[in-house]
Every structure is written in C-alpha cells, then in structure tokens.
Number of protein chains: 2
Amino acid sequence: MNSRHMPSRKSAAAGARSRGRPPGSDPVLSRDRVLDVAVRLVEKLGVDGLSMRKLAAELGVDSMSLYNHVANKDALLDGIAERLVLSIEIPERTGDLRNDLMALANAFRAAAVRRPQAVSLLLTRELRSFAGGLASAEAALAILAEAGLDPDKAVHAFRTAFAFLVGTVLREVSVGPTFSGQNLGDLAHRRAELESAGMPFVAAASPHLAVIDHMVEFDFGLSLLIAGLENYVSGGGSRRI
Amino acid sequence: MNSRHMPSRKSAAAGARSRGRPPGSDPVLSRDRVLDVAVRLVEKLGVDGLSMRKLAAELGVDSMSLYNHVANKDALLDGIAERLVLSIEIPERTGDLRNDLMALANAFRAAAVRRPQAVSLLLTRELRSFAGGLASAEAALAILAEAGLDPDKAVHAFRTAFAFLVGTVLREVSVGPTFSGQNLGDLAHRRAELESAGMPFVAAASPHLAVIDHMVEFDFGLSLLIAGLENYVSGGGSRRI
DNA sequence: ACCTGAACACCGTTCAAGT
DNA sequence: ACCTGAACACCGTTCAAGT
C-alpha cells in the first residue's frame, strides 16, 4: 500500500531502496523532533529502555541519522534533561518569602512529576548546558534577595532548598532510597520483631514509616526550611547559622 | 609457575583446559569477593564502566560464574549500594539534637564521599534489601524522639533531613544539576551580560555561584533545618509547620 | 547537508555441558 | 554445587557510500 510497491519515476531502477535523503525534500529530522520523541519513549520504556536504535525506529529512520542532530547518546540525554528544566513554569512573585518559595518549589516539583521516568535524568546528571537552569535560579535568588538575604546567604539558601527538592523529587519518582512505600509496608506488622532486634524507635515509628504522602512530606520539609530562613532573617543574621 | 604447568593426576589427558571447578578445591568465588571487587572496579571505571564481563575478567573467572553469586547485574548493583549503607559508622548519641543530627549526617556524608563513584548507586536506586538502612533510620529516629518529637513528626523530620542529604551528596559527587563549579566558573566574568539578559539577581550572586565549598553548604543547610526543628520543638509544635 | 548500511567492539543473559 | 563456553539478542558508534 505504500510507495515501495508503486514504481516511482525517480528510483525506477530495480527494487533498490534509495539510500540518501529524498532529494529536494525537507529534512526528515530535526533536533526538536528527535527530543520530542525521545522524551515520549523514555516515559514509555524508562531511561534504561531508551536506545538510539529504538528511537530511530520510532522516528522511521536509520539509527545513524540521529547523529546529525545530537552528538551522541549522552548529548541526547542532556537534551532531554534540558527540556525538563525549560518546562518549569515559573510563577509570579508576590513578595512573601513563604508564598513565593513554596510556589516556585511546587512549580519545580510539578514539572518533574509530569515526566516521572525522565526526571532522573534531570536530577542525576550534570547539566552541561546550564542555560535552562538560569531562569529558575534567577527566580529563586530574587525571592531570597527580596526577603532580605545578602547575595552570599541567598546562594547558600538556594542551594539548600534545591538539594532538598532534588532529594524529595527523587524519592517521589521512587528512584532513590525510599525509607517508604512497599519495602516498609510490612514494617507495621513487625513491631515486636523490630523491638527485639534492638530497633525500638523504628518499631515505634513503623506505622508512620509504612505510609507516605509525597505532598505532605514536601510541605513539611519546605516549611521547616522556610521557618529556619524566617528565623534567620528576623534575627538579623545573628543566629548561629 | 602455577598448577596449570605441572601435569596433575586428575586432568592428565591432553592440554585441554579443565572446564568445571577444580574438584575438591574451595570455591573460587563468593558473594563477598564479587562485591569487593565490584566496588573497587566501580571506583576505577565509574558505574557505566562496570560490566559483568570486566568484573569476571578482574576476578579471573568466566563471566557466567558471577551468576552463581548474584542473580543478575541489577542485584549486583543493589549489593554495592547495600555495602555503602552498611559502611556508615553510626556515632554515639550525646542527647543534644544539633550535635547528634550533625554527627549522624556527617557520618552518612563521609561514607558516601569515601566512594564517590559508587555513591550514585546508593542515592539513586531503590534499596530492595532494606535491612542495611534500618540501623541508620533507628539512629536518626532516636535522636529526633529524644528531642521531643512524636513518632509521626520524627518521621517527617527524618525524611526531610534525608532528602536534603541525598541532594547535597549528589551535588558533591557531582552528578546532579550543580548550580556550581565549572559550568558557573565563567559566570563571574559575565555580570554585564547577565544584567542585560534580565538576570540581575543571578548577576549579583555570580561571584558566590561561581564557587562552592561542599562542607560549608552542608553545614549551612543542616543548620537551617535544625533551626527550624528547634523552633518547632520549643514552640511545642504550635508553629505552622 | 543529510540519510543509509555494513561493520566493529562491545553488552547481559540463557542454556547445555562439563567436573 | 559451581564453573565454563558458545550462542542469542541486543547495544553505541565509526566509516564509507550514497543523493
């Protein structure tokens, strides 16, 4: 039913498939199209399931054609990561430290959780192209500066919040040591066992370790950090931080 | 110089290499030995550089022999991760929240940084065998409980601190989006450029973004968290956390 | 400039065969 | 019980060849 079966004027000779790109036609691929499909494939197959060959097949193209648009697989993965950073929808500022930091962190989390398979690429590899992250950094530093932090303190606070975010999101997309979920679900049923194993505090906490609400944990941690910051700001920087 | 050169009574026939395990001798491999060498190899070649075949070669053994001691490569990586958790040297408690939390976090960080290549395996994959982590969890929960937190609050605080630790250590072993180091080193030289690009706060902070002292960042973030916790504890849990 | 195809040097893992 | 070797179905990437 396709062109292979009806002899075309151009490749009339024999049944030989044409080799180069169809002359005169638009390019079949573009970096954007490659990355689009790559992201979709990662979500479908997981990061480990992505291969240059499968991606090429999905695009209906020879695998080596990809190398015209990305330097190699590593650059492809970097490209996916950058897509994620750029998909963060940075909210407007209101001038309130707590509000604004919460909103920005939520925007980050939302962008990450939207692509749960791909997100480990963002959190886990060094961003070579840093451009994408600058807008988020600007937003965070603006909030912290407006709250009264000096640039150096703002950078520290930014890095602290960001580290917390990375760890939290990693847990949520459930790579990373969870201390949560299924490997702890049975903990609640083994309190006696844990007590006698010399783990009284784990035993006492086991009902709470056995469940996790990611949104609650997110809010709790961020609140703790912000409380620390407010404390610091209102203390005029005199507290021992 | 080894037994291959002196004709043994048992494999006398021809120069044919023996195929099975030398009869009567001790097993060549053990799960421990496999994991020992695997860790060493990861540190030498990076996680991506580790393969079942290279590991087998390093052990002087056919690659398929490894499967007698680990289920598959995934289980091998899990084994390496568990080694890391178990290598955390949990410090004695003193009864002071700040002291004890700092000491425990430092012990975690120290164990991680000791194996910078392997550590991403610990932070990044779900710990199937949870046993290793229990001792650390017990230590953390004990500290928090002694400071007066209810089990449910202690679990929240534990998860917050752990998320921060994961993010911080990931940055230090420099997988993960750094907002630091070399991709920012040149930022300091481009303030004017950043200003005109609509990034005044990044511009103002660029001298501080361009450098990072991991120990300082670690202390700052942890102090912020602990300040939030102390605040919470002394407020009798009435603060809005 | 862009796409193709064969080839190379790797992978993890199954399975049958050894001892 | 444990180790081996061939084989299978994959990889990423180089390089020469097409248009």
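The sequence lines fix the lettering, A, B, ..., with proteins before strands; numbering per chain opens at 1. All values below come from the heavy atoms of this structure, side chains included, with hydrogens, waters and symmetry mates left out.
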Minimum-distance nucleotide (side-chain atoms of [X] versus [options]):
| X | options | answer |
| --- | --- | --- |
| B:K54 | D:dC3, D:dG12, C:dC11 | C:dC11 |
| A:H69 | C:dG12, D:dA6, C:dC3 | C:dC3 |
| A:K73 | D:dG12, C:dG12, D:dT4 | D:dG12 |

For [Y], does its backbone N or O pair with a side-chain atom of [X] as donor and acceptor, under 3.5 Å?
| X | Y | answer |
| --- | --- | --- |
| B:S196 | B:E193 | yes |
| A:T168 | A:F164 | yes |
| A:K54 | A:G49 | yes |
| B:E195 | B:P200 | no |

To the nearest Å, give me how far apart [atom1] ([X]) and [atom2] ([N]) are.
| X | N | atom1 | atom2 | answer |
| --- | --- | --- | --- | --- |
| B:L41 | C:dC11 | CG | C1' | 15 Å |
| A:R31 | C:dC2 | CZ | P | 14 Å |
| B:L66 | C:dT13 | CG | P | 11 Å |
| A:N68 | D:dT13 | CG | C1' | 13 Å |
| A:D48 | D:dC11 | CG | P | 12 Å |
| B:M52 | D:dC3 | CE | C1' | 14 Å |
| A:Y67 | D:dG12 | OH | P | 6 Å |
| B:L55 | C:dT13 | CG | P | 12 Å |

Next item on the list: Scan B:R40, B:R53, B:R33 and name whichever one has a salt bridge (charged side-chain N to carboxylate O under 4.0 Å, His left out) with B:E58.
Entry: B:R40
Next item on the list: Find the partner of D:dA6: check Watson-Crick (N1-N3 plus N6-O4 or O6-N4) and G-U wobble (N1-O2, O6-N3) distances, both under 3.5 Å, and reply none if neither fits.
Entry: C:dT14
Notebook entry, point to check: Across all strands shown, which nucleotide pairs with C:dA1 by Watson-Crick or G-U wobble geometry, both distances under 3.5 Å?
Noted result: D:dT19
Notebook entry, point to check: What is the nucleic acid contact for B:S65, judged by heavy atoms within less than 4.0 Å: base, sugar-phosphate only, or nothing?
Noted result: base
Item checked: Sugar-phosphate only, base, or nothing, as touched by A:M64 at under 4.0 Å among non-hydrogen atoms -> base
Checklist line | 5' precedence on DNA chain C between A:D62 and A:R53 (nearest-nucleotide basis) | finding: A:D62
